[in-house]
Amino acid sequence: RVIHSSISQNSMKSQLQTIDSINTESLAISVPSNGLISYIGNTTPLSDNHERWGSHSLIFKPASAAQLTITRLNLFKQWPWKKIKGKVIIKAKIGGEILLESQSSGGLFNLGSQSDQLNLQSITDIQNMFQLAAHDPRVLGVFIEIDRVASGYAKLIEIRRAMNYFRQSNKTIYGYCASGSEKEFYLSLGCDEIYIPPEGGFDLRGFSASASFFRGIFDNIGIEPQVQRIGKYKSFGDTFNRTSISEAQREVISALILEASDYWVDSVSKDLNKSRSDVLSLWSETGVRSADDLKEKGLVTGVSYVDMVEEHIRNKHRRLNVNIFQKIVSFFTGIDYGFIDNKSNEVAASYNLTDDFIQQPRRSIDHNQISLNSSASQSNKFEDPSALPAGLYLRKLKFGSRIIQGLPLKETRVGPRVAVINAVGGINTGKSGNGPTGKTLGSDSLIGLIREARRDSNIKAVVLRIDSPGGSALASDLMWRELRKLSKEKPVVASQVDVAASGGYYLSMACDQIVSEELSVTGSIGVVTSKFNAAELNKKIGLNVETISRGRYAEILSTSRAFTDEEEKYFESGAWQAYESFITKAASSRNMTVGAMNEVAQGRVWTGRQALSIGLVDQIGGLHKSIEIAIQLSNYTFNRNPSSKNTFSIPIQTLREPRSGFPFPLPGASSQLSKSSDVIKYLADEAIFISGLASLESLQLTGLSTEFSWLPSEVVYWLSTGQLPQSLLKIITEISKL
């Protein structure tokens, strides 16, 4: 790669002042300050051979007859407590926080409630469930209850990819959603059948974003935010530094909202085989749509309560009793002696209030004699042995890739393989941990995993999964260096999930290839430094701070006074040096001139599709796409035999370091407190959360005290990343109470 020469700070400052807008296809022109946004966005292909939305799909390849026989033998040899009786429907709940790493704990005999066993809260668990179930001859289908989702669209795209893989195996996904909006509806479209209750459904009103600004409050109580940002679009800190939205931030948020809403509309249009105008009309119609309205429009399969859906699934998969001889033959040959063609049960019956009271009238008391007028009896519930909670299923198949043949990926710790490393959370120096302000990605921890991958000669390639909004510039650079050393010996591919922005992008650009989902949030190549001057507040509340120091800049981070002119220049100089380093390395990574990189940098965040069009990422896709690219770059065959009828499973190993436990970090775990040598941050702007393309929960940048639960996401983000001291916020909170 060509290493481009650096440019001076004055030259770069001049460029930032003269570039008023970025000349790319993704900018919204004349976006109104409020009201309806009619701008559609550029719908031209990225190239002559690609559609606008070119998401990678995972193709299901059925196991060969030999592999299926091995699978049945392996299942037969399982320990009794790990076996599954008969055919099953896997039941799962998907919603809430959807994390990158599996958080499951305990073994097969975990005494958690059934509700706990139903919940799948990580991409890893969801992908494993669908892929194992697709190749498991005991599984007939999957029933998922969709709850309110707290994640970005990139994770939802990966879940939809796993659902589509399962459906290709000719098995059915049944879905039920009591209430939801655009994200839940998008997820439900991955089901073969989707049901909603009579008083529930999907509230489809469109996409919106709102930003909060606290500068007026700070002025009233006597706090001066002193924020240094490099880049026209670097809006981190506007929450505290401004009283209203800037035009640059309005432009970025508008572009993100438009890109996400366009993707949603096009996806729904394709999935339901409806015109784009029909889908857009969902946001313009007046009146509240009932559950029956959604059914009439063809948006859902039926209107039923969850017990009716469960009964429908039982009836649809009702089977004949078979003798022991038939069971044995069926187990080893796959011949299904119990199959019944239940065409009469294509969909669940819709709920009807009149029919309900006819079939089950109220109990009555006549002449002091109690009579039961209902002929209904306690029927078998769906929570019978044929309904297996997803968590229990995964525990029974903890090493499922060793048992079930034909899977696309196979977890192993021996032999040639691809290593997967997860980089999740706010970036900091030290060890990774679950500290008082959320999950941190410690440089020491990640560097240890990178070195482990470099030392192991059987690891032929590495995929770095990034779900981070950035953080410490120093920690980012230390990890960048180790990734560069690793890439000299074996290929490294970055796989961006919900967020890989600022410090997260800094890690990405150390890799040979960058793979992003269409709605991943990336870029944000910029720098921010900040401190709060509470001198006036201290005066109001009668607090006097006396500082004794030695050294010209020893008091530069003091919150008891403002910067001196000399300190401000020192602070600004450090920020410019960090930005110059960031943008020069980014230009070298992407084979651009520094000037060209500066045009698409300036702290601006982009979606993965936008980033592909301007050269910040290489391909669109998720984990499987990244692994495929890593294998191609490694030039290692992994013993694939093209003439074999067997489906090849890619051997992978997920490298992990135990994190410090909640609620207290282990000794050596990183702290969110800023160090004097670590005040410069590569942090993504609040726009990534304001726009809804990422969530604080999915990045585990929460866990703050309940007394701060009233705060908007922008403020929580500042607290989680250590930019706003909790002690200062507590003072503000107490003053607000008075």
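Predicted model only: the values in this text are computed from it and were never measured.
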Student check: side-chain heavy atoms of [X] and [Y] closer than 4.5 Å:
| X | Y | result |
| --- | --- | --- |
| Val149 | Tyr186 | no |
| Tyr305 | Pro198 | yes |
| Asn164 | Phe130 | no |
| Leu272 | Leu299 | yes |
| Glu259 | Gln610 | yes |
| Leu189 | Arg160 | yes |
| Gln78 | Ile84 | no |

Which atoms form the tightest heavy-atom contact between [X] and [Y], and what is the distance?
| X | Y | value |
| --- | --- | --- |
| Ser261 | Phe207 | CB-CD1, 3.8 Å |
| Ala611 | Trp606 | N-CB, 4.1 Å |
| Ser188 | Ile146 | CA-CD1, 3.6 Å |
| Ser516 | Ser520 | OG-CB, 3.2 Å |
| Gly622 | Ser626 | O-OG, 2.8 Å |
| Ala209 | Ile257 | CB-CD1, 4.0 Å |

Within the side chain of [X], is there an N or O that forms a donor-acceptor pair under 3.5 Å with the backbone of [Y]?
| X | Y | result |
| --- | --- | --- |
| Lys93 | Gln121 | no |
| Glu184 | Phe202 | no |
| Ser401 | Glu411 | yes |
| Thr522 | Gly608 | no |
| Ser269 | Asp266 | no |
| Thr301 | Ile194 | yes |
| Gln117 | Tyr393 | no |
| Arg465 | Glu101 | no |
| Thr607 | Leu519 | no |
| Lys183 | Ser151 | yes |

Crowded around [X] [atom1]? As in, over 12 foreign heavy atoms under 6.0 Å?
| X | atom1 | value |
| --- | --- | --- |
| Arg148 | CZ | yes |
| Glu199 | CD | no |
| Lys410 | NZ | no |
| Lys171 | NZ | yes |

Residues Asp136 and Lys396 bridged, charged N to O under 4.0 Å:
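Here Asp136 does not pair with Lys396 in a salt bridge, since their nearest N and O are not under 4.0 Å apart.
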So, are Arg167 and Asp192 salt-bridged, with charged N and O less than 4.0 Å apart?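 Yes.
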Nearest 0.5 Å, what's the [atom1]-[atom2] distance between [X] and [Y]?
| X | Y | atom1 | atom2 | answer |
| --- | --- | --- | --- | --- |
| Leu118 | Leu388 | CG | CG | 9.5 Å |
| Tyr195 | Ser304 | OH | OG | 6.5 Å |
| Ile427 | Leu441 | CD1 | CG | 5.5 Å |
| Asp203 | Ser181 | CG | OG | 7.0 Å |
| Ile98 | Asp498 | CD1 | CG | 9.0 Å |
| Cys191 | Asp271 | SG | CG | 11.0 Å |

Pairing residues for Ser508 by the side chain to side chain contact (heavy atoms under 4.5 Å, CB included) criterion, not counting sequence neighbours:
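Here the qualifying residues are Ile466, Ala494, Gln496, Ala500, Tyr505, Ile514.
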* Is there a side-chain contact (heavy atoms from CB on, under 4.5 Å) between Leu623 and Ile123 once you walk through the steps? -> CA-CA 10 Å; Leu623 173 62; Ile123 288 291; over 6 Å; no
Item to complete: Begin from the C-alpha positions of Leu132 and Leu394 and carry the test side-chain contact (heavy atoms from CB on, under 4.5 Å) through to its verdict.
Response: CA-CA 9 Å; Leu132 286 168; Leu394 290 177; 4.1 Å; yes
Criterion salt bridge (charged side-chain N to carboxylate O under 4.0 Å, His left out) against Glu517, the qualifying member of Arg161, Lys625, Arg609, Lys155:
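Only one of Arg161, Lys625, Arg609, Lys155 forms a salt bridge (charged side-chain N to carboxylate O under 4.0 Å, His left out) with Glu517, namely Arg161.
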Parallel, tilted or perpendicular: ring planes of Phe60 versus His135, cut at 30 and 60 degrees: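 Rings of Phe60 and His135: tilted, 30 to 60°.
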*Which class fits the ring pair Tyr174 and His317: parallel under 30°, tilted 30 to 60°, perpendicular over 60°?*
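The arrangement is perpendicular - the two ring planes meet at more than 60°.
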Answer with yes or no whether the side chains of [Y] and [X] bring together a donor and an acceptor at under 3.5 Å.
| X | Y | answer |
| --- | --- | --- |
| Ser122 | Thr124 | no |
| Asp293 | Ser290 | yes |
| Gln127 | His624 | no |

Margin query: Under the rule for ring-ring contact (aromatic ring centres under 6.0 Å, His included), what residues qualify as partners of Tyr176, not counting sequence neighbours?
Written below: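 Listed in chain order: nothing, the list is empty.
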Stepwise side-chain contact (heavy atoms from CB on, under 4.5 Å) test for Leu187 and Ile144:
CA-CA 11 Å; Leu187 194 57; Ile144 60 173; 5.6 Å; no
| said: Would Phe143 and Val306 count as a side-chain contact (heavy atoms from CB on, under 4.5 Å) here? Give the steps. | reply: CA-CA 11 Å; Phe143 175 41; Val306 66; 4.0 Å; yes
